[in-house]
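To find a chain, count down the sequence lines: A is the first, B the second, and so on, and within it residues start at 1. The structure displayed is predicted, hence computed values, not measured ones.
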Protein chains: 2
Amino acid sequence: MARVGLTADRLVRAGADLADEVGFDQVTVSALARRFDVKVASLYSHVRSSQDLKTRIALLALEELADRAADALAGRAGKDALTALANVYRDYAREHPGRYAAAQLRLDPATAAASAGVRHARMTRAILRGYDLAEPDQTHAVRLLGSVFHGYVTLELGGGFSHSAPDTQETWSRTLDALDALLRNWPAP
Amino acid sequence: MARVGLTADRLVRAGADLADEVGFDQVTVSALARRFDVKVASLYSHVRSSQDLKTRIALLALEELADRAADALAGRAGKDALTALANVYRDYAREHPGRYAAAQLRLDPATAAASAGVRHARMTRAILRGYDLAEPDQTHAVRLLGSVFHGYVTLELGGGFSHSAPDTQETWSRTLDALDALLRNWPAP
DNA sequence: GTAGTTGCCTAATGTGTTTAGGCAAATTGG
DNA sequence: CCAATTTGCCTAAACACATTAGGCAACTAC
């Protein structure tokens with residue numbers, strides 16, 4: 001019986017690729033087994049369950065995304081940093097829609113706390129150092145940025161606003177302009 | 001054999017309730033059959049497939065949401081209208097998380113075009129009549145509003161920013177203030 | 001009341017998840 | 001270099017959901 005050399009890592013990576021190809025919720029232990037030309041049961045030595053597999057793919061995506069973000073942010077500040085971070089999310093979602101969807105998987109609190117999710121939160125907050133915002137406005141702004149990035153990327157990817165006239169690249173630029181303007185001129189309570 | 005009186009309508013409504021209770025992607029033809037104490041196959045006279053059921057739930061949710069939005073918007077303008085519409089989305093998502101998730105289901109273009117989705121787009125645009133925005137900025141703003149509403153609601157519901165200090169109600173208010181300020185003072189290109 | 005329609009049923013097939021237990025291949029130690 | 005052990009992939013089997021085909025009973029209409 002030829003051994004294929006399965007490992008949790010290879011499975012997760014292949015699962016992520018599969019997600020990008022067919023969509024995250026089409027990722028199934030069976031499909032993954034087919035991809036490795038191996039019987040389904042064999043995967044259960046490496047991965048606890050379907051849920052476990054999906055969670056690991058989510059964690060991988062969060063890591064990759066955080067790494068990209070950290071790279072993009074290095075040496076930038078102000079609007080430059082804002083644009084860089086925003087583009088990391090958007091580009092990642094366009095290049096890796098399945099992975100991006102995976103990154104949205106709801107994790108249980110313990111797993112989330114140990115994930116790269118916390119790096120994301122820190123980086124978003126780091127961007128605001130280039131603007132003049134004290135707490136609690138800083139937290140409000142972090143949440144707003146998160147909402148816009150996530151909301152925009154999701155809608156664009158889902159075809160939410162595909163048909164209308166101005167192309168989405170233009171809207172994206174203007175959205176970043178608007179956010180920058182907003183952060184420089186945050187309204188008093 | 002006692003007849004239960006199934007109809008597509010009752011199934012869809014029950015499916016929506018089920019979604020609110022256990023989550024939209026736990027909505028299954030089998031679960032619905034159990035809820036009516038009926039054999040699974042019986043549902044297939046009323047609903048074409050699992051996909052069909054989910055699509056119908058999505059359409060129901062979009063309708064309900066659009067109805068609420070239309071009510072809330074009547075007689076309001078400017079920031080008042082902005083706040084009203086935003087609150088409709090947020091409150092609906094909190095009261096009916098499963099339905100809200102359903103409303104995000106990707107529909108094929110034909111179905112989407114015939115759905116209440118178009119009313120949502122029109123209403124968002126209507127809000128901007130209270131602000132001084134010409135095309136193409138109006139479209140950019142529509143997309144931004146959609147992104148923020150959807151992104152915020154999704155993150156809040158998914159526990160995206162639950163732990164940190166300021167409560168989310170406060171952030172929500174300040175987010176609406178910020179959007180209002182932004183629309184009144186939209187940055188030139 | 002009978003004819004026809006409709007509604008829910010049984011039966012069967014295919015796919016995905018998961019566990020238990022087996023045999024062969026890799027690895028380790030003498 | 002071969003024996004002992006670990007490890008990896010397998011077969012087998014149970015269970016859940018989706019879906020289709022075909023049957024019989026219960027409403028509806030005349």
Answer with yes or no whether the side chains of [Y] and [X] bring together a donor and an acceptor at under 3.5 Å.
{"X": "B/Thr139", "Y": "B/Arg125", "value": "yes"}
{"X": "B/Asp108", "Y": "B/Thr111", "value": "yes"}
{"X": "A/Asn87", "Y": "A/Trp172", "value": "yes"}

Counting only N and O atoms by type, is there a donor-acceptor contact under 3.5 Å from the side chain of A/Arg99 to the main-chain atoms of A/Asp20?
-> no
By nearest atom, which of the nucleotides [options] is closest to the [X] side chain?
{"X": "A/Ala41", "options": "D/dT20, C/dT19, D/dC9", "answer": "C/dT19"}
{"X": "A/Val29", "options": "D/dA21, C/dT17, D/dC9", "answer": "C/dT17"}
{"X": "B/Val38", "options": "C/dT18, D/dT11, C/dC9", "answer": "C/dC9"}

Which part of the nucleic acid does B/Val40 contact within heavy-atom distance under 4.0 Å: base, sugar-phosphate only, or nothing?
-> base
Output yes when at least one side-chain N/O atom of [X] is less than 4.0 Å from OP1 or OP2 of [N], else no.
{"X": "B/His46", "N": "C/dT6", "value": "no"}
{"X": "B/Ser30", "N": "D/dA18", "value": "yes"}
{"X": "A/Arg34", "N": "C/dG16", "value": "yes"}
{"X": "A/Thr28", "N": "C/dT15", "value": "no"}
{"X": "A/Ser50", "N": "C/dT17", "value": "yes"}
{"X": "B/Ser49", "N": "D/dA18", "value": "no"}
{"X": "A/Ser42", "N": "D/dC10", "value": "yes"}

Counting heavy atoms not belonging to A/Arg35, are there more than 12 under 6.0 Å from its CZ?
-> yes
Whole Å only: how far is the [atom1] atom of [X] from the [atom2] atom of [N]?
{"X": "B/Leu6", "N": "D/dA26", "atom1": "CG", "atom2": "P", "result": "16 Å"}
{"X": "B/Arg48", "N": "D/dT20", "atom1": "CZ", "atom2": "P", "result": "11 Å"}
{"X": "A/Tyr44", "N": "D/dC10", "atom1": "OH", "atom2": "P", "result": "14 Å"}
{"X": "A/Leu32", "N": "C/dT15", "atom1": "CG", "atom2": "P", "result": "18 Å"}
{"X": "A/Lys39", "N": "D/dG8", "atom1": "NZ", "atom2": "C1'", "result": "15 Å"}

